[in-house]
Trainee: 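This is the structure I have questions about; it appears just below.
Quick note on labels: first sequence line is chain A, next is B, and so on, each numbered from 1. Since this is a predicted model, take the numbers as computed values, not measurements.
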2 protein chains.
Amino acid sequence: MSHFKDQSSGYLVNHLARLMEQALAEAIGPLGLSPGQFPTLLALWERDGRTQAELVREVDVEQATLALTLKRMERDGLIQRKPNPDDSRSRLIYLTPHAKALEERALALAAGVNDQALADLDDKEVPHLLSLAARMIQTLRKGTD
Amino acid sequence: MSHFKDQSSGYLVNHLARLMEQALAEAIGPLGLSPGQFPTLLALWERDGRTQAELVREVDVEQATLALTLKRMERDGLIQRKPNPDDSRSRLIYLTPHAKALEERALALAAGVNDQALADLDDKEVPHLLSLAARMIQTLRKGTD
DNA sequence: CCAATATACATAGCATGCTATTCAAATAAG
DNA sequence: CTTATTTGAATAGCATGCTATGTATATTGG
């Protein structure tokens, strides 16, 4: 038995996520970036000078997770925090020039990892996969959020 | 913009995997089980009295990861280890009666989580999703393994 | 204005996973 | 038979993520 494993969406999705995370780590590691920082970087490349609370609303992780990620990004010279004149509880988060300079290369490398993972799928299957995943996420978020 | 996020298979798969892991944690937590133990339990329910090395070949995680998981399972009273008469470097891993007794309920709960995640998909889409995921895993494993 | 509540972050503690390293025992090479 | 290599496990160190708490600052209700 235990074809459970090969028939279980949870098992497969978990395994796939780990493989893709490893591939991304390999790809962007040379830039000094890691997979967990990517969602935050996407948000900050789009617009920086925001508070942690604003980023939490955009990045799909818990506040405590983001707080740790930001601490590592600060340690790694990717972000800088300045006092928020409007609210002394929070600080505004800015990308360093170094982190800004990495945007194009990092996006290209991440896109390359996606392409590599999807290499065996044809043009119709790729959007289908994205749509199925998005629908499953929607289903699971109902009620939680 | 950065619709990168919503178009990225890596991002979606990672998010989905975390949601499914959380759902599984909620489902089997009351049995005293956790998601990371599930693959090992599947292997041991099928046949126990095996070495760690044999389990590593069946479970898709690294040896060091499995070693830690087994330590927690031993702590939690799920497994027991006995000397291996054929090789004193290893020990044979057995499920406790308690862990054996949980098989049916745990499998049903895990299947329920999968069903819940797939609830919005129709009968054709489910096997398609499983097949797409399996193919992506195959693609990414090439060369590594 | 002041107490009660809400909000923004930080931290602790834990589970999963990975890579790299170490140690001991088993095997292979000579 | 020794030495060299391989194999089985354990451990250290780190990244991600989660839940639960704590702390300080804002905001609200009286």
Trainee: Which whole-number value in Å describes the distance from D87(A) CG to dA26(D) P?
Mentor: 5 Å
Trainee: Using a heavy-atom cut-off of under 4.0 Å over every strand shown, decide if R50(A) touches base, sugar-phosphate, or nothing.
Mentor: nothing
Trainee: Please identify which of these residues, V61(A), I93(A), L78(A), T69(A), meets the side chain to side chain contact (heavy atoms under 4.5 Å, CB included) condition with T40(A).
Mentor: T69(A)
Trainee: If the cut-off is 4.0 Å, is T51(A) near the phosphate of dA8(C), judged by side-chain N/O to OP1 or OP2?
Mentor: no
Trainee: Taking M73(B) as the starting point, is it possible to reach L92(B) by hopping between hydrophobic residues whose side chains are less than 4.5 Å apart?
Mentor: no
Trainee: Just wondering, more than 12 heavy atoms not from E74(B) lying within 6.0 Å of its CD?
Mentor: yes
Trainee: Starting from C1' on dC18(C), measure out to CD1 on I28(A) and report it in whole angstrom.
Mentor: 15 Å
Trainee: Measure CG/N84(B) against P/dA25(C) and give the value in whole Å, please.
Mentor: 14 Å
Trainee: Is there a donor in the side chain of T65(B) and an acceptor in the side chain of E62(B), or the other way round, less than 3.5 Å apart?
Mentor: no
Trainee: Examine dA26(D): is either OP1 or OP2 under 4.0 Å from a nitrogen or oxygen in the side chain of S88(A)? Give yes or no.
Mentor: yes
Trainee: Along nucleotides 10-17 of chain C, 5' to 3', which nucleotides get a B, which get an S, and which get a -, given that the test is a protein heavy-atom distance under 4.0 Å?
Mentor: BB---SBS
Trainee: R89(A) CZ to dT25(D) P: how many Å, rounded?
Mentor: 10 Å
Trainee: Please determine whether a side-chain nitrogen of the Lys or Arg among K5(A) and D60(B) lies less than 4.0 Å from a carboxylate oxygen of the Asp or Glu.
Mentor: yes
Trainee: Just list the side-chain donor-acceptor pairs under 3.5 Å for residues 114-122 of chain B, sequence neighbours left out, or say none.
Mentor:
{"from": "N114(B)", "atom 1": "OD1", "to": "S9(A)", "atom 2": "OG", "distance (Å)": "3.1"}
{"from": "N114(B)", "atom 1": "OD1", "to": "G10(A)", "atom 2": "N", "distance (Å)": "3.1"}
{"from": "N114(B)", "atom 1": "ND2", "to": "S8(A)", "atom 2": "OG", "distance (Å)": "3.0"}
{"from": "D120(B)", "atom 1": "OD2", "to": "R135(A)", "atom 2": "NE", "distance (Å)": "3.3"}
{"from": "D122(B)", "atom 1": "OD1", "to": "K124(B)", "atom 2": "N", "distance (Å)": "2.9"}
{"from": "D122(B)", "atom 1": "OD1", "to": "E125(B)", "atom 2": "N", "distance (Å)": "3.0"}

